[in-house]
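One structure below.
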Amino acid sequence: MSTDDTTQGAAQAQDSGVRLAAGDAELTVHPDNGCRIGSLRVGGVELLRQGAKYGCFPMVPWCGRIEHGRFRNGAELHRMPVNSPPHAIHGTGRDVRWKTARADAASAAFTYDLADPAAPWPYPGTVTQLVELADDGGSLTLTMGVEALSDSFPAQAGWHPWFVRHLGVAPGDEAAGGSSAGVRLDFAAAWQEERGDDHLPTGRRIDPSPSALLRSGNGSPTPGLWDDCFGMPQGVDVTVTWPGRLELKITSRAEWVVVYDEQEAAVCVEPQSGPPNGLNTLPRLVTPIDPLEISTTWSWRSLG
């Protein structure tokens, strides 16, 4: 599927991506690489882990793992590519080239066709992602919609950002040095989905571990504790803090968030419309008159 880049105002649509900027915030979206945000800089400091697989990518038309890559829609059994054996993980939207529908200085909209052969999905439909920086550069809002063209089907949508554990140095501020304290996560969940040995929810909701209420990245507990889904029926609300540098709040009306910290370089806070394996355990049907829509807002403030 080709990418139809359009440029308006100060937005830049190039091989290097679509660049948006407002205030002291700037980001770059790469529609050719699964419409992931490859960079988000605030005050010249990069917040996202760099690399073709990282940044922040949309998870669609499902989030997390599908057990053995199989799900049912009524009597029909479908098999998705098993890209994280023995399961299928994070949807196929990150594997295709999206089209840039519009772009201006601080916002852009992107789409892809669910029938794209590069990302197999058994039902026709359209996915749209809207990326918007606030005029003052103090927040970013991401919105994603999944529309069915004919038959209804179960679907999910969400985002998988990779936040760096330690902030770097802003250009011209080398004397200040990077952040020495590790990133800190703060949130309160109503429940935690019990995780089985296969990394799928067992179906039991358990009380969140005490560390889930307040999590420090300063060495206790050590990286590798979490790849877990938490329920927040009042909406996702997680604060990511780089002590002394920056506070970033992630909110969404969605009720589910996965927290992942099994890698040394980054942590992930993933708002999503349903739990892992939800196409099987908690299907949300998308119909021609009832599309799926999810939004998240990231707002930040300096602590320096």
(request) Please examine the side chains of E67 and L200, heavy atoms only from C-beta on, and report whether any two atoms are closer than 4.5 Å. (result) yes
(request) Taking the six-membered ring for Trp and the single ring otherwise, decide whether the centroids of W98 and F110 are under 6.0 Å apart. (result) no
(request) Nearest 0.5 Å please: distance from the CG atom of D261 over to the CG atom of L185. (result) 7.5 Å
(message) How close do M59 and G64 get, counting heavy atoms only, and between which atoms?
(response) SD-N, 4.0 Å
(request) Decide whether T251 and T297 meet the rule of one side-chain donor and one side-chain acceptor closer than 3.5 Å. (result) no
(request) Taking N33 for its side chain and A52 for its backbone only, find out whether a donor-acceptor pair lies under 3.5 Å. (result) yes
(message) Could you tell me if the side chain of S39 sits less than 4.5 Å from the side chain of L27, heavy atoms only?
(response) no
(message) Is there a continuous path of hydrophobic side-chain contacts, each under 4.5 Å between heavy atoms, that joins Y112 to M80?
(response) yes
(request) Evaluate the side-chain proximity of I66 to N280: yes if any heavy-atom separation is below 4.5 Å, no if none is. (result) yes
(request) Could you tell me whether R19 and E26 have a side-chain N and a carboxylate O separated by less than 4.0 Å? (result) yes
(request) Step by step, work out the side chain to side chain contact (heavy atoms under 4.5 Å, CB included) result for Q263 and R49. (result) CA-CA 11 Å; Q263 296 189 21; R49 184 178 182 183; 2.6 Å; yes
(request) Check the angle between the aromatic planes of F163 and W242 and answer parallel, tilted or perpendicular using the 30° and 60° thresholds. (result) perpendicular
(message) Between T126 and E147, is there a side-chain donor-acceptor contact under 3.5 Å, judged purely by atom types and distance?
(response) no
(message) Nearest 0.5 angstrom please: S139 OG to D136 CG, how far?
(response) 6.5 Å
(message) Under 6.0 Å between ring centres: does that hold for F153 and W62?
(response) no
(message) Take a 6.0 Å sphere around CG of L77 and say whether it holds more than 12 heavy atoms from other residues, nucleotides or ligands.
(response) yes
(request) Would you kindly say whether D104 and S107 are connected by a side-chain donor-acceptor distance under 3.5 Å? (result) yes
(request) Show the numbers, then the answer: is there a salt bridge (Lys or Arg N to Asp or Glu O under 4.0 Å) between E193 and R205? (result) CA-CA 5 Å; E193 296 289 337; R205 291 180 174 179; 3.5 Å; yes
(request) Over all heavy atoms of both residues, which pair between R94 and N83 is shortest? Give the atoms and the distance, please. (result) NH2-ND2, 3.5 Å
(request) Considering non-hydrogen atoms only, spot the tightest contact between V82 and H87 and give its length. (result) CG1-O, 3.3 Å
(request) Could you name each residue pair satisfying side chain to side chain donor-acceptor pair (under 3.5 Å) that touches residues 228-240, not counting sequence neighbours? (result) R195-D228, D237-K249, T239-K249
(request) May I ask whether Y54 and Y260 are part of the same hydrophobic cluster, defined by side-chain heavy atoms of I, L, V, M, F, W, Y residues being less than 4.5 angstrom apart, directly or through others? (result) yes
(message) Rounded at 0.5 Å granularity, tell me how far CH2 in W256 sits from CD in Q272.
(response) 9.5 Å
(request) Determine whether V267 and E262 make a side-chain contact, defined as any pair of heavy atoms from C-beta on separated by less than 4.5 Å. (result) no
(message) Can a donor-acceptor pair be found, under 3.5 Å and without considering hydrogens, that links the side chain of S252 to the backbone of P271?
(response) no
(request) Please report the shortest heavy-atom distance between S152 and L285, naming the atom on each side. (result) OG-CD1, 4.5 Å
(request) Kindly work out whether a path of hydrophobic side-chain contacts (I/L/V/M/F/W/Y, heavy atoms less than 4.5 Å apart) joins W300 to V131. (result) yes
(message) Please evaluate residues D116 and K99 with respect to the criterion salt bridge (Lys or Arg N to Asp or Glu O under 4.0 Å), reporting the C-alpha separation (whole Å), side-chain torsions for both, the decisive distance (0.1 Å), and the verdict.
(response) CA-CA 12 Å; D116 190 323; K99 297 172 65 175; over 6 Å; no
(request) Kindly indicate, with the supporting measurements, whether the criterion side chain to side chain contact (heavy atoms under 4.5 Å, CB included) is fulfilled by Q156 and V60. (result) CA-CA 6 Å; Q156 296 175 317; V60 68; over 6 Å; no
(message) Does W298 form a ring pair (Phe, Tyr, Trp, His ring centres under 6.0 Å) with W159? I'd like the steps, not just the answer.
(response) CA-CA 12 Å; W298 305 354; W159 291 272; 8.2 Å; no
(request) Using the side chain to side chain donor-acceptor pair (under 3.5 Å) rule, take E132 and T141 through it: C-alpha gap first, then chi angles, then the decisive distance, then the call. (result) CA-CA 5 Å; E132 301 174 285; T141 297; 5.4 Å; no
(request) Rounded to the nearest 0.5 Å, what's the gap from OG1 on T143 to CD on Q129? Could you check? (result) 8.5 Å
(request) Examine V269 and V42 and state if one hydrophobic cluster contains both, with Ile, Leu, Val, Met, Phe, Trp and Tyr joined whenever side-chain heavy atoms are less than 4.5 Å apart. (result) yes
(message) If I take atom CG from residue L47 and atom CD1 from residue I37, how far apart are they, to the nearest 0.5 angstrom?
(response) 11.0 Å
(request) Ignoring hydrogens and angles, tell me if any N or O in the side chain of S273 forms a donor-acceptor pair with the backbone of A157 under 3.5 Å. (result) yes
(request) Mind listing the closest non-hydrogen atom pair of T202 and E194 along with its distance? (result) OG1-OE1, 2.6 Å
(request) Using the rule that two of Ile, Leu, Val, Met, Phe, Trp, Tyr join whenever any of their side-chain heavy atoms come within less than 4.5 Å, decide whether V45 and L20 are in one cluster. (result) yes
(message) Please give me the minimum heavy-atom distance between P243 and G182, naming the atom from each residue.
(response) CD-O, 3.5 Å
(request) State, yes or no, whether a side-chain contact exists between F187 and F230 at a heavy-atom distance under 4.5 Å. (result) yes
(message) If the condition is side-chain hydrogen bond (donor to acceptor under 3.5 Å, both in side chains), which residues does H78 pass it with, not counting sequence neighbours?
(response) Y123
(request) Look at the side chain of Q50 and the backbone N and O of L48, then say whether any donor-acceptor pair between them is shorter than 3.5 Å. (result) yes
(message) If you define the side chain from C-beta out and look only at heavy atoms, does anything of M232 sit under 4.5 Å from V257?
(response) yes
(request) Take V236 and T296 through the side chain to side chain contact (heavy atoms under 4.5 Å, CB included) test and state the conclusion after the steps. (result) CA-CA 9 Å; V236 170; T296 181; over 6 Å; no
(request) Give a yes or no answer on whether the side chain of E46 reaches the backbone of L40 with a donor-acceptor pair at less than 3.5 Å. (result) yes
(message) For F71 and W121: C-alpha separation, side-chain torsions, deciding distance, then whether ring pair (Phe, Tyr, Trp, His ring centres under 6.0 Å) applies.
(response) CA-CA 12 Å; F71 75 95; W121 183 251; 5.2 Å; yes
(message) Could you walk me through whether T241 and L246 satisfy the side chain to side chain contact (heavy atoms under 4.5 Å, CB included) test, starting with their C-alpha distance in whole Å, then the side-chain angles of each, then the deciding distance to 0.1 Å, before giving a yes or no?
(response) CA-CA 6 Å; T241 305; L246 191 77; over 6 Å; no
(request) Report the distance from atom CZ of R72 to atom CZ of R70, rounding to the nearest 0.5 Å. (result) 9.0 Å
(message) Within the structure provided, determine whether C268 and V259 are in side-chain contact (heavy-atom separation under 4.5 Å).
(response) no
(message) Would you say that R36 contacts C56 through its side chain, given a criterion of any heavy-atom pair below 4.5 Å between the two side chains?
(response) no
(message) When you measure from the side chain of T92 to the backbone of D95, do you find a donor-acceptor pair of N or O atoms at a distance under 3.5 Å?
(response) no
